[in-house]
Asker: 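Mind looking over this structure? Questions follow.
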Amino acid sequence: MIAPATLVELRDAVLSAPRVIAVGARTKPRLSDVDAVAITTTALAGITEYDPGEFTITALAGTPVAELVAVLAGRGQHLPFDPLLVEAGSTIGGVVAADTGGPGRFRHGGVRDFILGVGFVDGAGRWLRLGGKVVKNAAGFDVPKFLVGSLGRFAVIGTVTFKVFPRPERRLTLRLPFTPRALADLARSRYPIDALNLPPGHDDMLVRLAGPAAALDALARGIGGREEDDGLWREIVETPWGFRTDIVAAEIAAHRAAHVSGGGSVAWSLVAPPRGLTLRGSAPLWIGDRPRFAIEGAVKEALDPVGRFPTLDDWTGAPARPAPPPPPSPAAGA
Amino acid sequence: MSSPPALGRLGALLPPARLLTRPAELAAYESDGLTAFETRPLAVAVPETRDEVIALVRACRAEGIPFVARGSGTSLCGGSLPVAGGVVIALNRLSRILRIDPDERIAVVEPGVVNTRVSLAAAPHGLYYAPDPSSQSICTIGGNVAFNSGGAHCLKHGMTANHVLGIEAVLASGEVVRFGGAGRDRLGPDWCGLFTGHEGLFGIALEITLQLLPRPEAYATVLAGYATLERAGDAVAAVIAGGLLPGAIEVMDSLAIEAARAAVDADYPPGCAAVLIVEIEGPREVVAIERERLDAILATSAPVAVRAARDDAERAAIWKGRKSAFSAVGRLSPDFIVQDGVVPRQRLGEALRRIAALADEAGLRVANVFHAGDGNLHPLILFDGRVAGALSQAEALAGRILRMCVEMGGSITGEHGVGVEKREFLPAMFNADEIDCLKRLRAAFDPLGIANPGKMFPGGEAPALGHVGLHPLERAGVVSRE
């Protein structure tokens with residue numbers, strides 16, 4: 001285990017072993033369970049830039065999410081996508097690499113929708129900063145978005161810049177009977193819904209409203225249901241979910257067992273989904289077929305020419321690597 | 001008429017009527033929204049199906065012929081400028097909305113679908129497509145995806161990339177891929193995110209899945225006039241500091257106001273050096289409360305006048321003035337170029353002062369219309385292209401403004417892209433290693449360098465200077481630059 005405390009040390013750490021993988025607080029241990037020297041980012045921590053008036057914050061990868069959340073709250077702001085496992089110690093680099101957006105991603109989007117820039121070390125040991133530090137930027141390819149969910153297989157993240165939003169004045173949670181129709185109707189209703197979840201079992205659905213304090217009671221009366229303690233969202237965020245999946249609304253009726261959902265799409269589950277990623281335990285890293293393209297190998301080569309990082313198919317217990325799809329032959333379109 | 005030998009097997013892929021090679025047919029494709037440049041392509045291919053697009057790209061690869069994908073040609077950075085000796089693949093006929101799913105809140109469209117058609121098709125379900133570039137009545141979703149287009153509502157809703165859930169594309173390598181899908185969640189790296197904003201350098205999108213949002217129930221659109229641009233800038237800062245998250249915050253300076261007033265008879269308060277437009281959206285109960293807060297903030301910002309839209313017609317009138325400002329500036333000057341730099345929002349006042357000083361120094365007039373909420377400037381540099389050297393003077397000023405944006409911690413482009421226009425400025429933002437990384441990514445998708453070559457990266461071949469003046473559609477008020 002190597003524990004760099006500076007970005008220069010991070011670069012040296014990447015070059016110090018033939019195969020390395022970045023880890024944070026290991027709150028999703030299966031994702032980094034691979035035969036490689038671990039580079040822990042826990043000493044690479046701290047908020048480096050925060051300007052509330054700009055709606056942007058930059059932090060080193062090992063910064064605990066809890067620190068970001070607290071500092072932002074102090075200025076009336078937040079990361080609207082509800083990063084998971086805050087109290088468990090997850091780091092901001094881990095949130096990006098594992099794409100752990102929680103219930104709040106329903107309204108304004110997930111990790112990918114708030115990342116503005118990254119600083120990272122590529123497989124050749126180059127320190128690179130792509131994206132930007134302002135809320136709007138269209139220069140260069142969007143590598144910051146690509147690294148969301150990339151599981152440390154393409155680069156080691158050193159710094160992250162996020163867009164942040166003003167924190168709503170108040171939140172109000174309602175519990176209502178679940179039917180797929182009622183859920184779909186609410187999801188495109190006029191109400192300021194910022195989370196719409198199905199707790200395991202799916203007899204009920206949870207609706208979180210957010211906005212000006214004085215408006216919410218009247219809005220809640222329009223929706224009906226029973227008011228719940230806002231603390232239940234903390235439980236959802238801190239649940240050690242076993243799996244990540246990408247089930248969409250049309251499929252949820254068939255997966256009522258133990259999923260939590262964002263307005264119909266299911267991201268986190270306690271039971272193995274038909275397809276997904278394992279976050280903890282010894283199940284295969286990938287469940288079912290994962291997206292697989294010839295371009296993946298080419299992009300991997302561009303960012304990690306010597307294979308310093310494992311691939312998406314490398315994990316402890318992985319079967320012999322499946323053959324990548326062959327690149328199309330020039331004659332294919334003839 | 002048989003196709004030129006240089007087209008090789010491309011000639012066999014489409015009927016002659018859809019493979020244009022006569023100079024008169026090519027003329028319409030020689031330029032895009034960056035009207036200062038033009039290049040005649042070898043041919044324009046007009047496919048009607050995804051399979052034809054795939055076959056064209058693969059044939060270009062086999063023959064080593066460069067290709068440039070094109071929608072409505074509204075790019076402001078020369079993103080769809082043809083390549084000499086290359087083929088333009090015009091995607092306008094792939095214009096079907098394949099599916100609207102109100103329960104999943106998605107639209108699945110072909111690349112040639114015009115932006116506003118998505119919201120029109122979604123409207124019966126109470127949904128809309130949020131990204132609203134000013135050219136939205138004509139620009140296509142394929143182009144929006146290629147350049148990660150913005151619009152007036154990015155502060156709250158983000159750019160095109162934030163609304164693209166899935167992309168089926170033919171890559172320049174010949175591979176056909178399906179990135180993402182119908183859901184908001186993905187497994188593994190965000191390929192859709194990487195593809196969106198590729199500026200045509202990775203391949204061609206064949207089918208795009210877009211997220212739709214519930215249409216806001218109510219809007220409050222407020223226009224405030226100020227005696228100085230600085231006061232308008234301070235008002236923007238106050239609105240942000242007040243904890244509001246408006247859908248849009250826009251500012252126009254006196255020259256832009258003058259132009260808008262002349263063009264659309266915009267009823268802006270007289271005697272103002274700057275106009276601020278703030279729009280709040282949401283459920284009526286929320287809008288009512290936030291409107292009171294906004295009024296209170298604006299009341300302390302020393303406005304000359306504050307006007308609120310009382311109905312949809314008045315809201316539309318306020319936006320018509322704003323969105324027509326660019327083409328309206330065309331009435332003040334035979335030519336203009338528009339820049340798209342971004343500065344940290346709190347330094348907008350300083351940026352505008354410096355732009356004014358740079359303009360004075362250069363002896364040029366600059367009108368400013370900008371997305372103040374996200375620090376995205378749109379200085380319009382006025383010049384007369386008939387005067388020798390005037391364009392290069394204007395470009396030199398534009399370059400100084402872009403460098404200033406980067407120095408201030410911003411970006412050379414907020415929403416227009418780099419394209420041909422700003423490729424020499426990419427090194428102002430990224431160092432040699434970083435540009436090298438971007439080039440390696442490009443080579444991964446396009447090993448032969450045939451997809452939209454000469455864009456984004458510095459040092460490409462120089463396109464020919466073209467005609468001057470407004471784009472014909474712009475003159476007709478159909479499109480505007482933003």
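Here the structure is a predicted model, which is why all the values come from computation and not from measurement.
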Asker: Please tell me if the side chains of B/Pro189 and A/Leu312 come closer than 4.5 Å, counting only heavy atoms from C-beta onward.
Answerer: yes
Asker: For B/His125, is it the side chain, the backbone, both or neither that has a heavy atom under 4.5 Å from a heavy atom of chain A?
Answerer: both
Asker: May I ask you to decide if B/Arg345's main-chain N or O and A/Glu54's side chain share a donor-acceptor pair within less than 3.5 Å?
Answerer: yes
Asker: Do B/Glu290 and A/Pro212 have side chains that get closer than 4.5 Å, going by heavy atoms?
Answerer: yes
Asker: Quick one: what part of B/Cys154 sits under 4.5 Å from any heavy atom of chain A, side chain, backbone, both or neither?
Answerer: both
Asker: Grab the two heavy atoms, one from A/Pro166 and one from B/Leu244, that are nearest each other, plus how far apart they are.
Answerer: CG-O, 4.1 Å
Asker: Yes or no on side chain to side chain contact (heavy atoms under 4.5 Å, CB included) for A/His108 and B/Asn162, after CA distance, side-chain angles and deciding distance?
Answerer: CA-CA 9 Å; A/His108 293 294; B/Asn162 302 105; over 6 Å; no
Asker: Going by heavy atoms in the side chains, are A/Phe55 and B/Leu245 under 4.5 Å from each other?
Answerer: yes
Asker: Under a 4.5 Å heavy-atom cut-off, does chain A meet the side chain of B/Ala288, its backbone, both or neither?
Answerer: neither
Asker: Tell me, do A/Val143 and B/Leu441 make a side-chain contact under 4.5 Å, heavy atoms counted?
Answerer: yes
Asker: Where do B/Phe202 and A/Ile295 land on the side chain to side chain contact (heavy atoms under 4.5 Å, CB included) test, with the steps shown first?
Answerer: CA-CA 10 Å; B/Phe202 287 175; A/Ile295 188 64; over 6 Å; no
Asker: Working to the nearest 0.5 angstrom, can you tell me the gap between A/Lys136 NZ and B/Ser411 OG?
Answerer: 10.5 Å
Asker: If you define the side chain from C-beta out and look only at heavy atoms, does anything of B/Phe430 sit under 4.5 Å from A/Leu128?
Answerer: no
Asker: With side chains defined as the heavy atoms from C-beta onward, is the minimum distance between A/Arg112 and B/Arg186 less than 4.5 Å?
Answerer: yes
Asker: Hey, does A/Val299 have a side-chain heavy atom less than 4.5 Å from the side chain of B/Phe445?
Answerer: yes
Asker: Between B/Arg184 and A/Asp246, does any side-chain N to carboxylate O distance fall below 4.0 Å?
Answerer: no
Asker: Quick one, B/Asp374 and A/Lys163 - any side-chain contact, counting heavy atoms below 4.5 Å?
Answerer: no
Asker: Hey, is CZ on A/Arg188 packed in by over 12 heavy atoms from elsewhere, all under 6.0 Å?
Answerer: yes
Asker: CG/A/Asp113 to CE/B/Met159 distance, rounded to the nearest 0.5 angstrom?
Answerer: 12.0 Å
Asker: Closest heavy-atom contact between B/His198 and A/Phe141?
Answerer: O-CE2, 3.5 Å
Asker: Inspect the contact between B/Glu285 and A/Arg221 and indicate whether a charged nitrogen and a carboxylate oxygen are less than 4.0 angstrom apart.
Answerer: no
Asker: Working note: A/Phe293 + B/Phe179, criterion ring pair (Phe, Tyr, Trp, His ring centres under 6.0 Å); need CA distance, chi angles, decisive distance, verdict.
Answerer: CA-CA 9 Å; A/Phe293 322 104; B/Phe179 294 149; 4.9 Å; yes
Asker: List the atom of B/Cys437, the atom of A/Leu303, and the distance in Å for their closest heavy-atom pair.
Answerer: SG-CD2, 3.7 Å
Asker: For B/Glu199, which atoms come within 4.5 Å of any heavy atom of chain A: side chain, backbone, both, or neither?
Answerer: side chain
Asker: Show your working on side chain to side chain contact (heavy atoms under 4.5 Å, CB included) between B/Arg215 and A/Arg190 and close with a plain yes or no.
Answerer: CA-CA 7 Å; B/Arg215 220 169 19 177; A/Arg190 71 182 192 93; over 6 Å; no
Asker: Between A/Asp51 and B/Arg347 (salt bridge meaning N to carboxylate O under 4.0 Å), is one present in this structure?
Answerer: no
Asker: Could you tell me which portion of B/Val343 (side chain, backbone, both or neither) has an atom closer than 4.5 angstrom to a non-hydrogen atom of chain A?
Answerer: backbone
Asker: Between A/Ala184 and B/Asp103, which heavy-atom pair has the shortest distance, and what is it?
Answerer: CB-OD1, 3.4 Å
Asker: So which of B/Ile240, B/Leu56, B/Asp101 has the largest heavy-atom pair count under 4.5 angstrom toward chain A?
Answerer: B/Ile240
Asker: Pick from B/Thr196, B/Leu194, B/Asp190: which one makes a side chain to side chain contact (heavy atoms under 4.5 Å, CB included) with A/Lys145?
Answerer: B/Asp190
Asker: Using heavy-atom distances under 4.5 Å, tell me whether B/Lys439 contacts chain A through its side chain, its backbone, both, or neither.
Answerer: neither
Asker: Is it the backbone or the side chain of B/Asp436 that comes under 4.5 Å from a heavy atom of chain A, or both, or neither?
Answerer: side chain
Asker: Which bit of B/Pro102 is near chain A, if near means a heavy-atom gap under 4.5 Å: side chain, backbone, both or neither?
Answerer: both
Asker: Side chain, backbone, both or neither: which part of B/Leu438 has a heavy atom under 4.5 Å from chain A?
Answerer: both
Asker: Run A/Leu219 and B/Val286 through side chain to side chain contact (heavy atoms under 4.5 Å, CB included) and show every step you take.
Answerer: CA-CA 9 Å; A/Leu219 287 162; B/Val286 171; 3.8 Å; yes
Asker: Which atoms of B/Glu434 are under 4.5 Å from chain A, going by heavy atoms: the side chain, the backbone, both sets, or neither?
Answerer: both
Asker: Would you name the heavy atoms of A/Ala302 and B/Ala444 that are closest together and state the gap between them?
Answerer: CB-CB, 4.5 Å
Asker: Checking B/Ile412 against chain A: side chain, backbone, both or neither under 4.5 Å from a heavy atom?
Answerer: side chain
